[in-house]
Number of protein chains: 2
Amino acid sequence: MKGSGNIDRNPATLKQTAFDRVRAMILRGEVRPGEPLRERELSDKLGLSRTPLREALNKLEIEGLVENQPHRGYTVTVVDLKTAGELLDLRMLLDAHAAALAADSITEKGIAELDAVMRRLAAFEAHEHLSLDDLAEEVRTGMRIHEIIVRETGQRFLIDTLNALYGRLSLLIWVDVLWIDRWDLTRAEHKEIVAAVTARDGKRAARAAKLHVQRSRDDLQRVVDAQSLLHGTHRPLAEGRR
Amino acid sequence: MKGSGNIDRNPATLKQTAFDRVRAMILRGEVRPGEPLRERELSDKLGLSRTPLREALNKLEIEGLVENQPHRGYTVTVVDLKTAGELLDLRMLLDAHAAALAADSITEKGIAELDAVMRRLAAFEAHEHLSLDDLAEEVRTGMRIHEIIVRETGQRFLIDTLNALYGRLSLLIWVDVLWIDRWDLTRAEHKEIVAAVTARDGKRAARAAKLHVQRSRDDLQRVVDAQSLLHGTHRPLAEGRR
DNA sequence: CCAATCACGATGGTATACAATTGTCAATCG
DNA sequence: CGATTGACAATTGTATACCATCGTGATTGG
């Protein structure tokens, strides 16, 4: 049989669509950290066979979004608070580096894209009350800034590494909370970063990017401290099934 | 058939052995950058079927050691001089970070391992003339220092990222030349890095690591300049087949 | 003689059948 | 009654057969 629900019209290749769709499912939170990813189930759901799906899962494993134990299957990676701190430390380093590079080499097209994103963000800012969905949308839009800046560096390895980093961080349920925490500051920081990059001021861009992440990191630290107080010791976010 | 040359006694899983062996083949230079990796050919050579081999290739693609064009196959990644510069810039950043972290958290076992490596390196240093094989061996041993330091940070994402980075850099045929260039300096720098880490002096370790990579980067820059003079413009290392 | 097109061969992409491993549940023995 | 062991079911790991796509070279028409 050709596949029951053969919907895709233009599948560059099935393993690519499998990779993209599973990745999106994870990043959108449709499958939660710690949950198992059963091959048959997923391949049925996506309307393709196990082979391209497994190739996608293998790639996602290297990217760190899923973990695999031989003969036991795949699960969505669980990011604990300690790991999150490490990831944010690295992001501080690499985001600053990327911002400086982007400031030096950003194209007119990139600047236009940043302008467009900033206009969209301004629309959110104008409203008094935002629904949770609106907030989620603003968060996603805000991430676009970082994605554009990273892309504009034009450095493949850096792009791949930071995308993997962002992906891992988005597995943290907590970040939503962190970002909402001081949303006004986040908005101001985003403006400063974009201003510095579009002004092609590398030093300033690096400083702004570093501060931006540093605050997230400090916010996280407060959460960790609060957790310690509550539970006596810090605990992972989800129950890791042995 | 069970596989003609079934040598492996303890294959945790075939896709794992495929991954390890192909990776080793690439890093050891048994297949050169730009060369195609034909699936049937490789799977025959390794004595397994195409399925586990393809899963390994998919992982290596994400890691950046091989590239894949749909319907055209896999090739070993070609690292040009511009990319090499970008990689060394990142390595400067990350190695310094890793060295500082390792200095803070290195275990007694890690220190012992570093000592052992340094003793092996001292043996090389004692000799007046080294064969090319000896030199290659000394280079590999020197890399052990970085591997140990990276591992001792205990930060998974950093470890994975730097291992990928080292892998990509080892695709550069030129690095051998670079490293041989001022071998006496390299030796001194290695000593300083190890001394700083074992003394648990993070600041000093970071500084030493940064300087170490920075010199490689400067050496590379000289090569690029020389290339420009020779050819009028810089050229990639190998012919990239469209 | 050159160029465009068509057919064939090689290679990768996908599906499916089968083997191996692991976890679970039940039965039996202490 | 509890624990240990053995068989079965579920799930992943591997092999292979088949299909789609692409590059290449030959052939034919200008």
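A, B, ... follow the sequence lines: proteins, then strands. Residue 1 opens every chain. Every value quoted in this text rests on a predicted model; they were computed, and no experiment measured them. Basis for what follows: all heavy atoms, side chains included, without hydrogens, waters or symmetry-related copies.
- Heavy atoms of B:L37 sit under 4.0 angstrom from primed sugar atoms or phosphate atoms, though from no base atom.
- Closest to the B:L14 side chain, of the nucleotides D:dA15, C:dG12, C:dT21, is D:dA15.
- With distances taken from any side-chain atom of B:T13 to the nucleotides D:dC22, D:dT14, C:dT14, the minimum falls on D:dT14.
- Residue A:D44 contributes atom CG, which lies 10 Å from atom P of C:dT16 at whole-angstrom precision.
- Considering only the side chain of A:K15, C:dT14 comes nearest among C:dT16, D:dA15, C:dT14.
- Among all heavy-atom pairs drawn from B:I62 and A:E63, the shortest one is CG2-N, 4.1 Å.
- One interatomic measurement links the two molecules: CG of A:L46 to C1' of C:dA15, which rounds to 15 Å at whole-angstrom precision.
- Closest approach to the A:R72 side chain among D:dT12, C:dG23, C:dT14 is made by C:dG23 (side chain taken as heavy atoms from C-beta onward).
- Under the 4.0 Å criterion applied to side-chain N and carboxylate O atoms, A:K45 and A:E41 are not assigned as salt-bridge partners.
- At whole-Å resolution of the value, NE2 in A:H71 and C1' in C:dT21 are 5 Å apart.
- Counting any heavy atom pair closer than 4.0 Å across all strands shown, B:R40 reaches a base atom.
- Between B:R144 and B:E113 there is a salt bridge, since a side-chain N of the basic residue sits under 4.0 Å from a carboxylate O of the acidic one.
- Whole-Å rounding puts the B:Q16 CD to C:dA20 P distance at 20 Å.
- A:Q69 has its CD atom 22 Å from the P atom of C:dA20, to the nearest Å.
- One atom, CG of A:L57, and another, P of D:dT12, lie 9 Å apart when rounded to the nearest Å.
- C:dT16 atom P lies 17 Å from atom CZ of B:R50, rounded to whole Å.
- With distances taken from any side-chain atom of A:T51 to the nucleotides C:dA15, C:dG23, C:dG12, the minimum falls on C:dA15.
- Of the candidate nucleotides D:dA15, C:dA15, D:dT12, D:dT12 has the atom nearest to the side chain of A:E39.
- Each of B:P70 and B:E55 has a nearest nucleotide on DNA chain D; the 5'-most of these lies closest to B:E55.
- For the pair A:R40 and A:D44, the salt-bridge criterion is not met [side-chain N within less than 4.0 Å of a carboxylate O].
- At least one donor-acceptor pair closer than 3.5 Å links the side chain of B:T77 to the backbone N or O of B:L65.
- Atom CG in A:N68 sits about 9 Å away from atom C1' in D:dT12, given to the nearest Å.
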